Amino acid sequence: MTAAEQRTSPRDRILLLARLRVEGEAEICAIRIRDLSASGMRAQFSGRPLGHTKVAVEIRNLGWVEGRVAWQDADTIGVRFAEPIDPEKARIAVTGAYQAPATGLDSTQRRL
């Protein structure tokens, strides 16, 4: 059975910057989440081998999510979350008013 067949929820490709904390350690490292689902994630991680260690991942709009490393290769880890999440919350864009920059000088400005 392949890893894709073992998944309990579909994964969507995504690129999110996040932070990873290993249980019992103070150091927090930056990671890039590549796939995210309600039950887990795949992320770029080039740190030391972690085995099946408990970890917490800080995901935008979700906060710290606890889980356990399910697998690891040279530069990627898979994490299974302890509790399901809503991956759509991580996709919510930060919104705000955007105003295009002025294209020319107005009459009150002068060149120096």
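Computed from a predicted model, the values in this text were never measured in an experiment. Along the sequence shown, residues carry numbers from 1.
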Pairwise distance [atom1]([X]) to [atom2]([Y]) - rounded to 0.5 angstrom:
X     : Y     : atom1 : atom2 : value
Gln72 : Ser46 : CD    : OG    : 9.5 Å
Arg42 : Leu36 : CZ    : CG    : 11.5 Å
Trp64 : Leu20 : CH2   : CG    : 7.5 Å

Work out which heavy atom in [X] is nearest to a heavy atom in [Y]; give both atom names and the distance.
X     : Y     : result
Met41 : Val57 : CE-CG2, 3.6 Å
Ser37 : Phe81 : O-CE1, 3.7 Å
Ala90 : Leu62 : CB-CD1, 4.2 Å
Ala43 : Ile33 : CB-CA, 4.0 Å
Ile31 : Gln44 : CB-O, 3.5 Å
Arg68 : His52 : NH1-O, 2.6 Å

Got a sec, which residues hit salt bridge (Lys or Arg N to Asp or Glu O under 4.0 Å) with Arg19, two or more places apart in sequence or on another chain?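 With neighbours one apart ignored, the set is Glu58.
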
Listed by chain and number, what are the salt bridge (Lys or Arg N to Asp or Glu O under 4.0 Å) partners of Glu25, not counting sequence neighbours?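 Partners of Glu25 by the salt bridge (Lys or Arg N to Asp or Glu O under 4.0 Å) criterion, ordered by chain and then number, come out as Arg48.
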
Could you tell me whether Glu66 atom CD has more than 12 heavy atoms of other residues or ligands within 6.0 Å of it?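 No, because the 6.0 Å sphere around CD of Glu66 holds 12 heavy atoms or fewer from other groups.
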
So do Val55 and Ile77 actually touch side chain to side chain, heavy atoms under 4.5 Å?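 Of all side-chain heavy-atom pairs linking Val55 with Ile77, none is under 4.5 Å.
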
Assess whether side chain to side chain contact (heavy atoms under 4.5 Å, CB included) is satisfied between Glu27 and Val22, documenting all intermediate values. CA-CA 8 Å; Glu27 182 181 352; Val22 177; over 6 Å; no

Test item: Asn61 side-chain N/O and Lys89 main-chain N/O as donor-acceptor pair under 3.5 Å: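 Yes, Asn61 side chain to Lys89 backbone: donor-acceptor pair under 3.5 Å.
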
